[in-house]
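Encoded as C-alpha cells, the structure appears first; notes follow it.
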Amino acid sequence: MKQPAKDPKLIKQQRQKMLQFRRQLPIYSGREAIIETIKANDAVIVIGETGSGKTTQIPQFILEAGLASHELGTIAVTQPRRVAAVNLAKRVAEETSSTLGGKVGYTVRFDDTSSNHTLIKYLTDGMLLRELLMDELLLKYKVIVLDEAHERTLRTDMLFGMIKNIQRIRKDKAAQGEDVEPLKIVIMSATLDADKFSEFFDMAKILYVSGRLFPVDTFFTKEPQADYLDASLVTIFQIHLKQGPGDILVFLPGQEAIETLTTLVKEYAAQLRRSQQQVLACPLFAALPPSQQQHVFDPAPENTRKVILATNIAETSITIPGIKYVVDCGLAKMRGFNPKIGVESLLVHPISKSSAWQRTGRAGREASGTCYRLYTEDTFRELDDDTVPEIRRCNLAAALLSLKASGVDDVLSFDYMDRPSRASLVRALEELYSLSAIDDRGHLTELGKRMASFPLDPTFSKVILQSADYGCTKEALAIVSLLSVDSIFYTPSDKREQAAEARRKFLHPDGDHLTFLNVLQAYWEVKGDLGWCRDHFINVRNVKVALDIRDQLVRFCERNNIPPQVSCGTDTDQVLKCFLTGFFRNTALLQPDGSYKSVVGNQIVKIHPGSAMFGKRAEGIMYNELVFTTKHYVRNVSAIQSSWLPEAAPKYFNNMRASV
DNA sequence: CTCTCCCT
C-alpha cells in the first residue's frame, strides 16, 4: 500500500492522540485481562453494553497481543448490518492510523475494501456465510468474532453452529500434526444472556465489560391502555408541555400507525400558542424514501421539539442524536412462519424485555433521559425475556441449502443453539426437494450446488438457472433483481391517487412481473432521470440497488455458462412459464365465486391492493409471497394458465395427482 | 384497499 508521504512527527502526534483516546474507553482498563483470557481459551463470550468500545478495541487488542497475523491467520468481525461493518472499519482504520483497505478493511455486498494486507476485517454475517461456500474451514482466519450475537439473526445463528464445528475440526487436524491453526472464537453480546452462549461453546469463559450508557428513568402506566395511538399522543404532549428540552422518539409497530399519529401530532401542534415551544413530527420507517428519512437528522428549527415516530428501524439500524425521551408502545410487527401450512405471517406482537430495554437505551446515549412505557409494570413482567430467534420463525429453505453447500449435509442433527421445529426443517427439505436442489436421499444435486452459489433465495436462483431453456435470461435477470429489493414504487399516504395514476402507465395486463419489466424499460429510456422518477413515484435508491444486483447476477450467469442477454422479445409467456419453475407451489386458481384458492394448501388468498392484478380475474395466478396480515395476501402476482403447471414442475404435479 | 427489519 502506497501512502502519501507524511511528516513523521505529525504521524507520531496523531498516534499519540489516538492512544490517549483509546485509553479513556472503559474497556481499556481491562485490556490485559481480556488478552490473557482470549489467549488461554478457545472461545470467549464478551458481554458489554453499547458504548463499551468492545467492537472497536478487542480486535485491536488481539492483534497487538500477536494472537493473529498474516502467518497465523487474520481476524474477522461479523456484523448483522452493512453500515455497521463499514463504519466500524473506518473507525478502527483511523484509530490504527492506517488506510482503509490496509491493515483494517471491510467486506459487504458490492463494496470490498479488504486486501491481502488486511488483518482486521469487518464484514456482514451474510458475507462470512458466502466465504464458507469457498473455504469450508475458513482457514484464512485465526480469530472469528461474532458481534451483536444477542440479536440472533438467522445468519448469526447459522454461523454459531458452523464455526463451532469448524473449530472442532481444525483442533483435531492440528492435534494430528496437520499444518492447520486452531480457530479462536469470540462471541460479543449486549444482553446478560451470557450463560446460553457459554454453554453452547462448551462452557466458554465469560467476560463482562462496562458500557457508557447514561441512566434512563423509566415509567409505566398505572392502567393498561386500550388505544396505544391515543396513549402515545397524550404522552407526547405531556412531555412537550411539562418536560425540559430534548427530542422525543416514539416506537410504533408500523407505517400505518406512524402515518396516523403523524397527522394527529400535526393537528395538535397547530393548536399550540405562538409563544410556546413548537413541535415537529418526523415519521421514520424503511419504506420512506431516503430524502425523507434524512429529516430526522436535520436540526429542528429554533424553539422547536422534534418528535420522531419510528418503527423498529430506530431500535438498532438508525441512531438519532439528541433523543432525551423515549415513548414505547410495547408492540412490534414480527414475521412468523407456520411450517405445517407453509404460510408466513406479519403480525403485531408484544415486544420482549430485552427489546424494551434496547428501546429505553435510546434515550441515554448522550445524557440521562426518560422512557415512558405505555403499558403497566405487570405487563412488562409478563413479557418474554428475549425475542424468539429468527431461525425459529422463518422459512429455512435458503438457510438449509447454504448449510448443505458449505459441507453440512445432515441438517437435521446440525448443532443449533435454538433448534427449529422438526416440522420446519422437514418442510424446508421438502421445498428444496421439489425444486430439485436435493435428491430423494437429501443430498445436494448439481442443480442445487449451482442454486446455492447464487446470492438469492433458491426459488429465484432456480428461475435464473432455468431461464436459458425458456430463452428469457435477460428478462428473468431484470425481474428477479427488481423483486430482490424493497418496492421500487413509493406511495406517500397523502398522494395515493397520483401515485396510482402514475403507475398505471406501466401496467401490464399479465401482472406485476411484466409490469416491473415495463418500469425498467421506461427507466432506461429516460436514463434514470431524477425528475421523471419523482413524477412517477419511483424509489430511485431501490432501483439503483436492483441494478447493482442485476450486474452481479449477470457475472454469476457468465460464470455458470448462461448467456445473460438471451431475450424472448414479445413472447412474454416464456417469462411467466420460467418463473413457474421456481414458484409452482405459489399458485392459486380462480374459483366460481371469483376468489382465488391456493393450489398447495387450498387456502383462500387475496391479491394485495398494491398489485397490478388487484381486482382482476385470471384462470390462475402465481405469486412470490403469501403473507398473513389481516388476510392471506399474495404479493407480486401474475396471471398464468393452469396447463403450464405440469410442464414447470412435472415431478411435483405428477406426484400430487398420484396422492390425491 | 396495504406493506416490522435485515442479508447474499
Side-chain angles (χ1 to χ4, degrees), chain A residues 78-85 107-112 123-134 148 151-159 251-260 284-288 310-318 329 331-336 344-349 351 355 358 387 390 393-394 398-399 401-402 405-406 451-458 460-461 480-481 484-493 496-497 499-500 539 542 545 548-549 552-553 555-556 606-611 614-615 625 627-636:
Chain A
T78 70
Q79 293 294 316
R81 283 167 294 281
R82 294 163 51 90
V83 269
T107 303
V108 300
R109 191 183 194 179
F110 308 129
D111 195 2
D112 182 5
L123 74 174
T124 47
D125 42 22
M127 284 305 311
L128 191 61
L129 281 171
R130 303 244 17 126
E131 290 189 4
L132 267 159
L133 291 174
M134 314 299 298
E148 310 284 15
E151 287 189 28
R152 302 296 306 275
T153 67
L154 171 62
R155 292 170 298 279
T156 311
D157 265 31
M158 289 168 61
L159 286 171
F251 283 102
L252 296 161
Q255 180 175 347
E256 193 192 354
I258 289 170
E259 284 172 345
T260 309
L284 178 66
F285 46 90
L288 209 60
T311 58
N312 257 355
I313 197 169
E315 213 181 275
T316 47
S317 303
I318 295 182
C329 75
L331 301 168
K333 279 196 185 169
M334 266 222 314
R335 186 147 291 239
E344 290 180 304
S345 60
L346 185 63
L347 298 168
V348 175
H349 288 282
I351 59 173
S355 181
Q358 177 69 28
T387 311
E390 197 182 0
R393 48 185 177 85
C394 72
L401 182 63
S402 122
S406 303
M451 283 166 67
S453 76
F454 275 79
L456 293 169
D457 248 17
F460 282 135
S461 40
V480 164
S481 308
S484 298
V485 295
D486 292 334
S487 180
I488 55 167
F489 297 115
Y490 168 59
T491 315
S493 55
R496 211 155 274 183
E497 230 353 273
N539 185 321
N542 288 348
V545 174
D548 282 340
I549 292 174
Q552 192 187 31
L553 294 179
R555 292 196 296 276
F556 274 81
K606 299 264 184 195
I607 296 173
H608 194 277
S611 169
F614 182 63
E625 212 181 24
V627 181
F628 180 80
T629 53
T630 51
K631 297 184 179 86
H632 285 95
Y633 276 114
V634 291
R635 297 179 63 193
N636 296 321

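These figures come from a predicted structure and were not determined experimentally. Residue numbers begin at 1 in each chain, while the letters A, B, ... track the order of the sequences.
- If you check every strand for non-hydrogen atoms under 4.0 Å, A/R109 touches a base.
- Remark: A/A310 pairs with A/L249, A/L284, A/I308, A/A314 by the side chain to side chain contact (heavy atoms under 4.5 Å, CB included) rule, at least two apart or across chains.
- Among the nucleotides B/dC1, B/dC6, B/dC3, the one closest to the side chain of A/I313 is B/dC6.
- Counting non-hydrogen atoms under 4.0 angstrom, A/L346 reaches a base of the nucleic acid.
- Toward the 5′ end of DNA chain B lies the nearest nucleotide of A/F614, the other residue of the pair A/F614 and A/D125 mapping further downstream.
- Residue A/M334 is out of contact with every strand shown, counting any heavy-atom pair closer than 4.0 Å.
- Put simply, CD on A/E148 and OG1 on A/T316 are 8.0 Å apart, with the number rounded to the nearest 0.5 Å.
- Whole-Å rounding puts the A/D457 CG to B/dC6 P distance at 17 Å.
- Note: CG (A/L288) to C1' (B/dT2) measures 16 Å, nearest angstrom.
- A/A286 comes within 4.0 angstrom of the backbone, heavy atoms only, and of no base.
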Would you tabulate the side-chain donor-acceptor contacts of residues 251-260 of chain A under 3.5 Å, counting partners in other chains and residues two or more places apart, or write 'none'?
from   : atom 1 : to     : atom 2 : distance (Å)
A/Q255 : NE2    : A/E259 : OE2    : 3.2
A/T260 : OG1    : A/E256 : O      : 2.8

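- Between A/F285 atom CZ and B/dT2 atom P the separation is 16 Å, expressed in whole Å.
- Checking A/S355 against A/E315 by side-chain atom types alone, a donor-acceptor pair falls below 3.5 Å.
- For the pair A/R152 CZ and B/dC5 P, the computed distance is 22 Å after rounding to whole Å.
- You'll find that the side chain of A/T124 is closest to B/dT8, out of B/dC1, B/dT8, B/dC3.
- In terms of position along DNA chain B, the nucleotide closest to A/G610 lies nearer the 5' end than the nucleotide closest to the other residue of the pair A/P80 and A/G610.
- In this structure, A/K631 atom NZ and B/dC3 atom P are separated by 9 Å, rounded to whole Å.
- Across all strands, A/R635 comes closer than 4.0 Å to base atoms (heavy-atom distances).
- For the OP1/OP2 pair of B/dC6 and a distance below 4.0 Å, the side-chain nitrogens and oxygens of A/R335 include no atom meeting the criterion.
- Look at A/T629 and you'll find a side-chain N or O under 4.0 angstrom from OP1 or OP2 of B/dC3.
- Looking at heavy-atom distances under 4.0 Å, A/L456 makes contact with a base.
- Which of B/dC5, B/dT8, B/dC6 sits closest to the side chain of A/V108 comes down to B/dT8.
- Using a 4.0 Å heavy-atom criterion, one finds that A/S402 contacts no nucleic acid atom at all.
- Across all strands, A/S317 comes closer than 4.0 Å only to sugar-phosphate atoms, never to a base (heavy-atom distances).
- Taking atom CG of residue A/N312 and atom C1' of nucleotide B/dC6, one finds them 11 Å apart after rounding to whole Å.
- With A/E390 contributing its side chain and A/L154 its backbone, the two residues share a donor-acceptor pair below 3.5 Å.
- For the atom pair CG of A/L128 and CZ of A/R155, the computed distance is 12.0 Å after rounding to the nearest 0.5 Å.
- Rounded to an integer number of Å, the gap from CG of A/L252 to P of B/dC5 is 12 Å.
- Neither OP1 nor OP2 of B/dC6 sits under 4.0 Å from any side-chain N or O of A/T153.
- Look at OH on A/Y490: it is 18 Å from P on B/dT2, rounded to the nearest Å.
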